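Okay, so here's the structure we're looking at.
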Amino acid sequence: MRPEDVPGLPEGVPERLQSGGIEELYPPQAEAVEAGVTEGESVLASVPTASGKTFIAELAMLSSVRRGGKALYIVPLRALASEKKAEFERWEEFGVDVGVSTGNYESSGEWLSSRDIIVATSEKVDSLIRNNAGWVSDLSCVVADEVHLVNDSHRGPTLEVTLGKLRKINSNLQVVALSATVGNAEEVAEWLDATLVQSEWRPIDLKMGVHYGNAISFDDGTQREVPVGKGDRQTSALVADTLDEEGSSLVFVNSRRNAEAAAKRLKNVTAEYLTGEERGELAELAQEIRDVSDAETSDTLANCVAKGAAFHHAGLASEHRRLVEEAFRDRLVKTVSATPTLAAGVNTPSRRVIVRDWQRYDGEFGGMKPLDVLEVHQMMGRAGRPGLDPYGEAVLLAKDSETRDELFERYIWADAEPVRSKLAAEPALRTHLLATVASGFAHTREGLLEFLDRTLYATQTDEPGRLERVTDTVLQYLEVNGFVDIDGDDISATAIGHTVSRLYLDPMSAAEIIDGLEWAADHREEKLRELAGVSDSEARRAASDAGDAESEESAGFRRASEMVPEADGESGDEGEGEREDENVEALETDRTYPTALGLFHLVSRTPDMYQLYLKSGDRETYTEECYEREPELLGNVPSEYEDVRFEEWLSALKTARLLEDWTREVDEDRITERYGVGPGDIRGKVETAQWLLGAAERLAGELDLSSVVAVREAKKRVEYGVRDELLDLAGVRGVGRKRARRLFEAGIETRNDLREADKSVILAALRGRRKTAESVLEAAGRRDPSMDDVDEDEADVPDATFERASERTDRGDGSGDADDPQEQASLGDFG
DNA sequence: GTAGCGGGTGTCTAGACAGCATGTC
DNA sequence: CTAGACACCCGCTAC
């Protein structure tokens, strides 16, 4: 089938496709067209990765828009939203506007109603429905990308329920579902009332095989000699072998540590194959990576990348990930060792994919659990770059012949598992039943069950009464916690229930937060007394503890790495204990109740906050910490004999301490080291805490609790990552935690100071960056922000070179800081 | 004395969505 | 209670 044979497309599109080099549709695409995707028919395309699924969706959306409709494209990851948007924007010349809506990036609700295509995550769509976004009822076409994700126990139910609601709102909605090849595509298609288009066809050949001994055996019966030298490793040999043919490799492993370790080893392989030019480019890239963050991960990654290897996992800062992905696509980085982040994320094809680890630790399972066939297929599907490679190779590794045979059985010859709905689980139903009631989709138990009856779960359950039973349990939970009123047959959401639904909180999180805040209100006086009472002895003890903890470091080193504010004098008071410890500070400044730590702990123990893992020794550390900070915690410490609850309490405390460190301006580097996390994890925790504290603020406001102010301040502090005295400054555009601290130390303590203080002092505090200083002053509302003719106050040029590297990135606008004479001067001072 | 090794022991374990209102270093 | 990779330490050996 040729583009001009496709019915229903907007004028000019077929020509545009042809001029874009598309002569002939891929077979699955043609099949979808025959099934009527461009004529409003619902279709489930169950085809391999990289076989043109997105294009099927595009055809459907374009034709839908042409008929005057509006299309929604649901992505599984935020990172994919912008990728898809960019892809769809090529249709703008045909009058098709594209908008994106995700949690962190929103083109405002109303503006979206003027878009023809909207890209959003399933959670965002769910949230928009809960908040009655008007345009949702205008939809004529919805695309569900990676629809097999309904199989995911955590996020699957959201997709499932959201599709159900969209179809209920728009009775003639066209559903285009895109899925990897799964075991029960017919069943899924039936659920969606869609025509199934199933195919194994791929644009590039994929050879799958297992490496064992000195060769890879492929599924087509061929073999390839890849000898493993003595002391050498399979992975290294396979990467070198690919490089001999100038191909790149993607290595999937089962833990972050393994990803890093593999990259460290593989860099010695890739280093052999680099040209001089590549070395130069990689050196630049390595520097860019170092500039992203001062955490150790950053250095490790940079060292690997400099030699042409990289690792990729969720502990990396998103900037790191982006740089690695881009460099790999540009073939500059020759190999990437990755956890599954890369298998599901943005498109990063590779000549050869090596699935090194096919088992992963699973605490619930109690040991190493084999990966799902679907997941391994997803990884293997990354092999082969269209237009660049003659074919892709996916290789599993076996140490003995039995394993080789098992791997063939288990993954190469096997079909992917069937997709199973995970809806009938309490956590999923808790949130979705409340939302269903709150947004008026049902107002009786029967109505709820009827709604649930249209889900995938209902079509495939083999345990009839289950859904009904869980529904009753959940309804009871919601009623007990005051989120719904049940009056005979009638179910309605309470005011707070509506709020919880709209805030997109798990009702259990909301209940935990409300309990905690009410508990705080009840115990306020008592706890404040306790805090004041112990503060003296506590302070002394805390100070000596900190002394022990820090004893291996010199004060100077600590200052450089941690950038603690007291480094340059906490306005006059130079007492030994003052200078030493953070806990003292907390007790002195957190006069408010609840304290920041208390609130951090509260939100950290909700099910919406992903728990930090307790390492060996952590149990003791945080048990002690728990009793020490007990007056601050909002609720009664569970008994140590209640193992699970106590452990969760401690784990939440660890998270809370991380957040507290962040709001005490402890350096990233130090936080990563102290909590055994990556820079990406800090961002994640901070983001979640911000969201949950925002929700807590709303709940407190609605329940008229006195803690609103404390919650708001804690939220602000998390947002900016600063102590309370910097809140005013950090709120100024262009001023973050570091600049705020510098200004504060230079005596610029408030926004008003920025407007009135001596410019030379400000300039010095911002280390002579005129452009930066000007924009900061402007943002602060100073009348005369110009920095012309201002001399930098020479007396105080803190750490001019220490952070120079990270400063470099804000020259992106070409403002020319580099030839600023002051900058040269401060460099000179250092040398 | 030291680099390189083999073996025993202890440690640790993937990912990532959401409110609201605007902008980090 | 389950599994596997790796870091780390120890002691040995070959130079």
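Everything quoted here is computed from the prediction, not taken from an experiment.
- The nearest heavy atom of DNA chain B to A:A730 and to A:S616 marks one nucleotide each, and the one closer to the 5' end goes with A:S616.
- For the pair A:R733 and A:E778, the salt-bridge criterion is not met [side-chain N within less than 4.0 Å of a carboxylate O].
- Nucleic acid contact for A:R130: none, since no nucleic acid atom lies under 4.0 Å from a heavy atom of the residue.
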Shorter than 3.5 Å, N or O on both sides, protein versus nucleotides 13-18 of chain B: list them out with atom names.
{"residue": "B:dA14", "atom": "OP1", "partner": "A:R256", "partner atom": "N", "Å": "3.1"}
{"residue": "B:dA14", "atom": "N1", "partner": "A:R360", "partner atom": "NH2", "Å": "3.3"}
{"residue": "B:dG15", "atom": "OP1", "partner": "A:A314", "partner atom": "N", "Å": "2.7"}
{"residue": "B:dG15", "atom": "OP1", "partner": "A:T339", "partner atom": "OG1", "Å": "3.1"}
{"residue": "B:dG15", "atom": "OP2", "partner": "A:R256", "partner atom": "NE", "Å": "2.9"}
{"residue": "B:dG15", "atom": "OP2", "partner": "A:R256", "partner atom": "NH2", "Å": "3.0"}
{"residue": "B:dG15", "atom": "N7", "partner": "A:Y610", "partner atom": "OH", "Å": "3.2"}
{"residue": "B:dC17", "atom": "OP1", "partner": "A:R78", "partner atom": "N", "Å": "3.0"}
{"residue": "B:dC17", "atom": "O4'", "partner": "A:R155", "partner atom": "NE", "Å": "3.4"}
{"residue": "B:dC17", "atom": "O4'", "partner": "A:R155", "partner atom": "NH2", "Å": "3.4"}
{"residue": "B:dC17", "atom": "O3'", "partner": "A:T121", "partner atom": "OG1", "Å": "3.4"}
{"residue": "B:dA18", "atom": "OP1", "partner": "A:G103", "partner atom": "N", "Å": "2.7"}
{"residue": "B:dA18", "atom": "OP1", "partner": "A:T121", "partner atom": "OG1", "Å": "2.8"}
{"residue": "B:dA18", "atom": "OP2", "partner": "A:R78", "partner atom": "NH1", "Å": "2.9"}
{"residue": "B:dA18", "atom": "OP2", "partner": "A:G103", "partner atom": "N", "Å": "3.4"}
{"residue": "B:dA18", "atom": "N6", "partner": "A:T688", "partner atom": "OG1", "Å": "3.4"}

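- With a cut-off of 3.5 Å on both pairing distances, the Watson-Crick and G-U wobble pairs of DNA chain B assemble into stems of 3 or more at B:1-13 with C:3-15.
- Side-chain contact of A:D126 with A:Y504: a donor-acceptor pair under 3.5 Å is present, judged by distance alone.
- For B:dG23, the OP1/OP2 oxygens have no side-chain nitrogen or oxygen of A:R739 closer than 4.0 Å.
- The CD atom of A:E260 sits 13 Å away from the C1' atom of C:dA7 (whole-angstrom rounding).
- Note on A:G721: nothing from the nucleic acid sits closer than 4.0 angstrom, heavy atoms only.
- Counting to the nearest Å, the P atom of B:dC20 and the CG atom of A:L505 are 11 Å from each other.
- Taking atom NZ of residue A:K715 and atom P of nucleotide B:dG19, one finds them 13 Å apart after rounding to whole Å.
- Following rounding to the nearest Å, A:I496 (CD1) and B:dG19 (P) show an atom-to-atom distance of 18 Å.
- Across all strands, A:V732 comes closer than 4.0 Å only to sugar-phosphate atoms, never to a base (heavy-atom distances).
- The nearest whole Å value for the distance from the CG atom in A:L699 to the P atom in B:dC20 is 12 Å.
- For A:R430, the side-chain hydrogen bond (donor to acceptor under 3.5 Å, both in side chains) partners at least two apart in sequence or on another chain are A:D506.
- Note: CZ (A:R737) to C1' (B:dT24) measures 11 Å, nearest angstrom.
- Using a distance-only test at 3.5 Å, with no hydrogens or angles considered, no donor-acceptor pair links the side chain of A:S298 to the main chain of A:D294.
- For A:F311, the ring-ring contact (aromatic ring centres under 6.0 Å, His included) test picks out A:H313, with sequence neighbours left out.
- For A:Y73, the ring-ring contact (aromatic ring centres under 6.0 Å, His included) test picks out A:F88, with sequence neighbours left out.
- For C:dC1 and B:dC17, the P atoms lie 37 Å apart once the distance is rounded to whole Å.
- In this structure, A:R322 places its CZ atom 15 Å from C1' of B:dT24, rounding to the nearest Å.
- Each of A:L692, A:L659, A:V718, A:L693 was scored for a side chain to side chain contact (heavy atoms under 4.5 Å, CB included) with A:L599, with one residue passing: A:L693.
- Distance CG (A:L397) to C1' (C:dA5): 14 Å, rounded to an integer number of Å.
- Qualifying salt bridge (charged side-chain N to carboxylate O under 4.0 Å, His left out) partners for A:E123, counting only residues two or more places apart in sequence or in other chains: A:R155.
- Among the heavy atoms of the strands, none lies under 4.0 Å from A:K264.
- Using a 3.5 Å distance cut-off with no hydrogens or angles, the side chains of A:T403 and A:D400 do pair a donor with an acceptor.
- At a threshold of 4.0 angstrom between heavy atoms, the contacts of A:R683 with the nucleic acid are absent.
- Comparing C:dA3 with B:dA16, their P atoms sit 28 Å apart, to the nearest whole Å.
- Of the possible donor and acceptor atoms, none in the side chain of A:R382 sits under 3.5 Å from a partner among the backbone N and O of A:V353.
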